[in-house]
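Input: a single structure, listed below in structure tokens.
Residue numbers begin at 1 in each chain, while the letters A, B, ... track the order of the sequences. All values below were derived from every heavy atom in this structure, side-chain atoms included, with hydrogens, water molecules and symmetry-related copies excluded.
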Amino acid sequence: MPWALAKDESKKARLQTVLYNLVESIVIGTSLLAPFIPDTAEKVAKMLNVNLRMYDELSSFGLIKEIEVTKTPEILFARIDSLVVMKKVNAMIEERNKALEVKLEPETPKKPQIEFDDFTKVELKVALVTACEKVEKSKKLLKLTVKLGNETRTVVSGIALAYTPEEMVGKKIVMVTNLKPAKLCGIVSEGMIICAENSEGKITLLQPEKDIEDGSPIF
Amino acid sequence: MKEKYYITTAIAYTSGKPHIGNTYEAILADSLARYKRFEGYDVFFQTGTDEHGQKIEEKAAAASLSPKAFVDGVANQIKNIWDLVGVSYDKFIRTTDEYHEKQVQKIFKKLYEKGDIYKGSYEGWYCTPCESFWTESQLVDGKCPDCGREVKKSQEEAYFFKMSKYADRLMEYYNAHPEFITPVSRKNEMVNNFLKPGLQDLCVSRSTFKWGVPVDFDPKHVVYVWLDALTNYITGLGYDVDGLHQDNYKKYWPADVHVIGKDIIRFHTIYWPIFLMALDIPLPEKVYGHGWLLQDGGKMSKSKGNVMYADDLVEYFGKDAVRYYVLTAMPQDNDGLISWESVIDTINSDLANIFGNLVSRTIAMSNKYFDGKVFDGKVYEDVDNELKEVAINAVNKVTSKINEFKVSDAISEILTLFRRANK
């Protein structure tokens, strides 16, 4: 403990030895650190008024004869106040997000106009989710059991990244009910669930604004 | 002068500004290069940019720029970031450099004339971002097995490389060089997933886009971006298909290590050695596949404003603090994490408290009690020997960790010395 030795005048030579050993250790360690933090290593060498060691010198201790260290050391790494810095960082991130949002806006490609008859070909109904589970081997798919009035159907939907099976059960959602059945991951899907998706891939389900019986048609 | 040591990074893809995860590799390879120089090796350290491919063609079009103008901009940005974090490369190669493109054309032609490359046609599923063709059976859930994105059905006339011809020789090389693939665990993956099931012939040309090195005898086609990119390791040294090699090639090839990300190990340990065998060129000694530096637990995505970049980090914390953080944040064989908070914590604990304090207190006391003079007071105690022991043993410990590419462990050995000194 060099700081304890300092109080006792008779231990001065011992204190000097201790500091010498510390400087030797610093020079050896800093020489080894130089490939990783080169500028800092040079700074330390300059403050101590030594050269960093050559590789072949590193197995020796006590190579310094006498040196005079700087009277005006600089702080190598100031302690960082996390709160202060994070405030600045968060402000920067927020600004960038705003700039990105502005850029992302337009872009949804327009589809050609259709006749009213084209639209009425699509059968949409309100469906109540009665059961839901993950589709094995797939990250994106959920298998849902839905009730449409008197009818029960199975639907596979790519919403697993946005919704858990648990939160789906009990939801009333919008479904296309006259699509040809399709096999997804070995499961026959008897319809399609309607979602909105933004440019970042965020997905949300569409739901009736007031409660209404499942099976109700949508026009 | 000791022996030569040729170390490379993977060349950075110029589709956009590299985030800190991409920059990590350059810092890692730089540290290894600097350490080898320190040891006395005659080091040649090459890095650069991978500038061809469909993705870049599309990005350039979206930015209303010619592909060349686009990659000039990004390559410049990458070079600036490398310089900012102190990457001490001896050579920065760009795959749009004329000498490189010329050799790629010659290599393609030579392999065609030799019969290793033949013309055929391909029907399959194409993943645009990865620029990879897949057969039906290779798809996972109907998606690209590498990135999980949508694939398009596609057919094209194309050139193929007879991979299977060299499979046995590659296997022999693996067996004779057990440390060729580091970490070794990756070797089994390559053997079991690719070599044992039998190597498929590789499609080495594309005709669905233009931005690449044209096949000179059939300019409808451009050379597959990986065949183009991988050869940078030899063209950068001045390899010449006709044997008129420059001195650097004669002196430094084969590479002592290719430092790459773990996601491209297959390209470097199967395709690259096979291309080299076909060209009758000696194989690299080692391929080191490092883990990813991940932001906040997910792979860094460039689509959001919170992506961390080296230039921001350097502005806030300084070059060495950033280097120190990324080098120590990566556990061997695993992925590391980075967040603004974790960088601050590491700076405070390791650099300010342990290293910085040791230096400043030692200097302050030397000034206070001895007018700044430091020399051996020659009053010894047993406890001194412990410190000396740690100090003089440090070099061997650090070097052995570096030789295993365990940079984080190497630095931790040095910190142990400083901690001991702080006692």
Side-chain angles (χ1 to χ4, degrees), chain A residues 2-3 6 12-17 19-26 28-29 32-40 44 47-48 55 58-62 64-71 73 75-80 82 85-86 89 92-100 137-139 185 200, chain B residues 31 34-35 38-40 86 141 148 303-306 312 316-317 319-321 323-324 327 340-341 344-345 347-348 351-353 355-356 358-360 362-367 369-370 372-381 384 387-388 391-392 394-396 398 407 411 414 417-418 420-421:
Chain A
W3 355 110
K12 212 163 173 191
R14 173 61 194 155
L15 176 61
Q16 186 131 40
T17 311
L19 288 172
Y20 177 82
N21 288 345
L22 290 182
V23 168
E24 276 284 325
S25 301
I26 290 169
I28 289 171
L32 283 166
L33 265 184
F36 313 108
I37 49 172
D39 290 2
T40 306
V44 172
M47 293 199 303
L48 294 174
Y55 187 80
L58 288 173
S59 313
S60 317
F61 197 95
I64 292 170
K65 294 245 150 47
E66 181 176 335
I67 54 167
E68 188 174 336
V69 300
T70 180
K71 292 274 187 300
I75 293 169
L76 291 179
F77 296 95
R79 267 196 71 86
I80 297 167
S82 185
V85 172
M86 285 315 296
V89 169
M92 176 184 81
I93 291 172
E94 207 169 297
E95 207 167 284
R96 283 183 191 177
N97 278 331
K98 267 189 208 155
L100 279 171
K137 291 187 295 185
S138 167
K139 274 186 204 156
C185 269
E200 284 176 334
Chain B
S31 299
R34 284 176 189 262
Y35 199 88
F38 182 43
E39 279 186 81
D141 286 340
S303 61
K304 288 174 198 148
N306 66 356
D312 290 332
Y316 275 82
F317 307 121
K319 174 177 96 179
D320 279 358
R323 288 174 63 100
Y324 184 91
L327 292 171
W340 288 90
E341 290 90 342
I344 294 171
D345 286 348
I347 292 172
N348 284 343
L351 295 176
N353 282 1
F355 184 38
L358 175 65
V359 173
S360 74
T362 303
I363 291 176
M365 288 195 69
S366 300
N367 276 324
Y369 297 104
F370 303 101
K373 299 215 167 42
V374 177
F375 54 89
D376 190 352
K378 295 196 160 61
V379 182
Y380 306 124
E381 286 181 14
D384 300 345
L387 180 62
K388 283 183 196 172
I392 60 176
V395 59
N396 286 335
V398 172
V407 175
I411 293 176
I414 305 169
L417 168 61
F418 291 149
R420 182 67 196 71

Non-hydrogen side-chain atoms of [X] and [Y] separated by less than 4.5 Å:
{"X": "A:P73", "Y": "B:S360", "result": "no"}
{"X": "B:F317", "Y": "A:I80", "result": "yes"}
{"X": "B:L351", "Y": "A:L76", "result": "no"}
{"X": "A:K71", "Y": "B:N367", "result": "yes"}
{"X": "A:L19", "Y": "B:Y369", "result": "no"}

Which atoms of [X] come close to chain A, meaning under 4.5 Å heavy atom to heavy atom: side chain ones, backbone ones, both, or neither?
{"X": "B:L327", "answer": "side chain"}
{"X": "B:D345", "answer": "neither"}
{"X": "B:K378", "answer": "backbone"}
{"X": "B:F370", "answer": "side chain"}
{"X": "B:S366", "answer": "both"}
{"X": "B:D312", "answer": "side chain"}
{"X": "B:I363", "answer": "both"}
{"X": "B:L358", "answer": "both"}
{"X": "B:F418", "answer": "side chain"}
{"X": "B:Y316", "answer": "side chain"}
{"X": "B:V398", "answer": "side chain"}

Short question: side chain of [X], backbone of [Y] - any donor-acceptor pair under 3.5 Å?
{"X": "A:E68", "Y": "B:K373", "result": "no"}
{"X": "B:D320", "Y": "A:T40", "result": "yes"}
{"X": "B:R323", "Y": "A:P35", "result": "yes"}

Among residues at least two apart in sequence or on other chains, which ones pass side-chain contact (heavy atoms from CB on, under 4.5 Å) with A:T17? A:R14, A:N21, B:D376, B:V379, B:Y380, B:D384
Does A:S60 have any side-chain contact (heavy atoms from CB on, under 4.5 Å) partners at least two apart in sequence or in another chain, and if so, which?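 Listed in chain order: A:L63.
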A:K65 versus chain B, the contacting section by heavy-atom distance below 4.5 Å: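 Contact with chain B: backbone only.
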Quick check on A:V89 against chain B: is it the side chain, the backbone, both or neither that has a heavy atom closer than 4.5 Å? both
Heavy-atom pairs under 4.5 Å with chain B are the metric here; pick the option from A:I93, A:I75, A:I67 that has the most. A:I67
Taking every non-hydrogen pair under 4.5 Å, which of A:D39, A:T70, A:V23, A:I28 racks up the most with chain B?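 Maximum pair count with chain B is reached by A:D39.
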Name the option with the most non-hydrogen atom pairs under 4.5 Å to chain A; the candidates are B:D141, B:V359, B:I392.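 Heavy-atom pair counts peak at B:I392.
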